[in-house]
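All figures in this text were calculated on a predicted structure; none of them were measured in a lab.
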Amino acid sequence: MNMNSPFLLLLIQLCVLIFISNAQPQTSANQNYSNHHSISAIFVFGDSTVDPGNNNYLRYSTVKSNFPPYGKDFVNHIPTGRFTNGRLVTDFIASYVGVKDYIPPYLDPTLSTEELATGVSFASAGSGLDPLTATISDVISVEKQMEYFREYKTRLEDAIGKERTKMVIKKAVFIVSAGTNDFMVNYFGAPIRRQTYTISTYEQFLMQNIQYLIQDLSNEGARNIVIVGVPPIGCLPAVITFFSQEAFNGRKCIERYSSIARDYNGMLQTKLKDMQNSKTKISYADVYKSFSDILQSPDKFGFDDVNTGCCGTGYIETALMCNQKSTICNDASKFVFWDSIHPTERTYYILFEGLRSTIDFVVKEL
């Protein structure tokens with residue numbers, strides 16, 4: 001064929017265009033704002049929904065996931081300590097806004113100054129807004145997470161100076177995701193709080209703790225805070241197993257607990273509106289709706305299983321019970337849950353997509 005043939009040249013151009021098109025990121029999490037905003041870092045507080053591995057460094061706690069099959073679909077199949085098969089919502093957010101691909105755990109001793117300066121997670125699986133929740137599981141309380149943040153500030157000041165550290169924090173986004181453990185591990189799981197609080201007064205107690213946390217963050221320089229609501233907790237596989245009369249046959253969500261989650265989220269939104277001020281912007285992130293959409297129309301999202309986890313029987317396995325000896329499903333992307341409590345990476349990505357409008361609003365205002 002003549003190399004100067006117009007047809008051949010057109011074919012080559014077409015191939016190049018196809019190659020370029022296929023080389024573009026295929027998920028919107030990779031289509032970031034890196035050239036359009038001045039966000040400096042992401043700091044994360046809370047529980048297992050946002051813990052990338054801080055519990056790995058706790059000597060006595062058994063609330064860990066730094067072993068297979070956790071991390072099965074993470075980069076290089078590494079079990080990082082994330083309670084899922086891959087990435088968390090906060091990882092997708094960090095990539096989306098162009099800060100970094102993954103949020104590392106603060107307690108990782110190998111973190112570089114650059115990693116520290118662009119944000120870390122202080123979250124601890126098993127923790128909650130109630131200090132007793134962390135005590136029950138022997139993990140890092142939110143109060144201790146705040147202590148670590150103050151320690152972090154000192155470390156960063158030593159590395160880059162006080163003024164630059166102040167700007168990093170001022171231009172950062174702070175994300176808090178906690179609450180589920182307070183209800184299911186603490187209030188309904190242990191008898192202590194139920195002896196003192198009704199569910200309504202306990203919710204008020206959690207609101208008070210949220211207020212203290214926001215004030216504490218604000219006093220430390222935070223100007224953009226996102227508080228995540230709780231999911232429909234009555235739909236977690238472990239909750240269905242332990243609290244339902246139909247734990248094994250006809251498994252379905254327990255409306256009583258999901259109703260409590262809705263009430264809590266409503267109170268949280270009211271509290272955050274009341275706390276708005278000119279100094280600190282406080283946003284609410286709704287995961288309940290996206291989760292409900294998935295559970296009500298799983299076929300629409302490509303899921304086959306909504307009430308058991310991919311690991312083991314899917315009824316009770318989590319942390320040490322989901323291990324190398326556990327059988328796992330053939331395709332985690334078909335399961336809403338990875339273990340009996342935590343979502344799969346695919347579910348986390350859908351939840352991230354549901355939060356994009358909130359993320360866009362927060363980033364736009366920076």
I need the minimum non-hydrogen distance between [X] and [Y], along with the two atoms involved.
| X | Y | answer |
| --- | --- | --- |
| V239 | I254 | O-CD1, 3.6 Å |
| P104 | E115 | CG-OE1, 3.8 Å |
| I240 | S244 | O-CB, 2.9 Å |
| N85 | A332 | ND2-CB, 3.8 Å |
| C322 | P69 | SG-CG, 3.7 Å |
| I233 | M184 | CD1-SD, 3.7 Å |

Option among F183, F188, Y202, Y187 that satisfies the ring-ring contact (aromatic ring centres under 6.0 Å, His included) test with Y197: Y202
So, the side chain of [X] versus the backbone of [Y]: is there a donor-acceptor pair under 3.5 Å, distance only?
| X | Y | answer |
| --- | --- | --- |
| N307 | R251 | yes |
| E203 | D263 | no |
| S326 | M321 | yes |
| R155 | T113 | no |
| D130 | N186 | no |
| N55 | A125 | yes |
| S258 | G234 | yes |
| T84 | P343 | yes |

Quick check for you: to the nearest 0.5 Å, what is the distance between E246 atom CD and T241 atom OG1? 12.5 Å
So how far is it from I103 CD1 to S95 OG, rounded to the nearest 0.5 Å? 10.0 Å
Below 4.5 Å, heavy atoms only, C-beta onward: do [X] and [Y] meet side chain to side chain?
| X | Y | answer |
| --- | --- | --- |
| Y348 | R87 | no |
| R150 | D216 | yes |
| I225 | S283 | no |
| L156 | V168 | yes |
| V120 | V44 | no |
| V176 | L217 | yes |
| S124 | D47 | no |
| T308 | D305 | yes |

Stepwise side-chain hydrogen bond (donor to acceptor under 3.5 Å, both in side chains) test for Y96 and D360: CA-CA 10 Å; Y96 179 62; D360 291 344; 2.8 Å; yes
Is there a path of hydrophobic side-chain contacts, each under 4.5 Å between heavy atoms of I/L/V/M/F/W/Y residues, joining [Y] to [X]?
| X | Y | result |
| --- | --- | --- |
| M275 | L213 | yes |
| F335 | I350 | no |
| Y315 | L295 | yes |
| V185 | F243 | no |
| L58 | L320 | yes |

Does R164, at its CZ atom, have more than 12 non-hydrogen atoms belonging to other residues, nucleotides or ligands within less than 6.0 Å? no
Among D51, N66, D91, T49, find the one that has a side chain to side chain donor-acceptor pair (under 3.5 Å) with R82. D91
Indicate, with yes or no, if the rings of F83 and Y70 have centres closer together than 6.0 Å. yes
Could you tell me if the ring centre of F291 sits under 6.0 Å from that of Y288? no
Determine whether D138 and S61 satisfy the following criterion, side-chain hydrogen bond (donor to acceptor under 3.5 Å, both in side chains), listing intermediate values before the conclusion. CA-CA 5 Å; D138 197 14; S61 179; 5.6 Å; no
When you measure from the centre of the six-membered ring of F361, is the NZ or CZ of K281 closer than 6.0 Å and no more than 45° off the axis? yes
Please say whether the positively charged group of K72, taken as NZ for Lys or CZ for Arg, lies over the ring of F74, i.e. under 6.0 angstrom from the six-membered ring centre and within 45 degrees of the axis. no
We want to know whether E317 and T313 form a side-chain donor-acceptor pair, criterion being a heavy-atom distance below 3.5 angstrom. yes
Are S218 and T280 linked by a side-chain donor-acceptor pair shorter than 3.5 Å? yes
Mind checking whether [X] and [Y] have parallel, tilted or perpendicular rings, split at 30° and 60°?
| X | Y | result |
| --- | --- | --- |
| F122 | F45 | parallel |
| F43 | Y152 | perpendicular |
| F149 | F174 | perpendicular |

Disulfide bond (SG atoms under 2.5 Å apart) between C329 and C311, intermediate numbers included: CA-CA 7 Å; C329 63; C311 185; over 6 Å; no
Could you please spell out the steps behind the side-chain contact (heavy atoms from CB on, under 4.5 Å) verdict for K166 and E163? CA-CA 5 Å; K166 187 181 297 185; E163 288 305 312; 3.9 Å; yes
side-chain contact (heavy atoms from CB on, under 4.5 Å), that's the test. Do Y212 and N209 meet it? Break it down for me. CA-CA 5 Å; Y212 292 153; N209 289 344; 4.1 Å; yes
With side-chain contact (heavy atoms from CB on, under 4.5 Å) as the criterion, how do Y284 and N265 come out once you've worked through the C-alpha distance, each side chain's angles and the decisive distance to 0.1 Å? CA-CA 9 Å; Y284 171 75; N265 288 338; 3.3 Å; yes
Identify whether the distance between the nearest side-chain nitrogen and carboxylate oxygen of R262 and E255 falls below 4.0 Å. yes
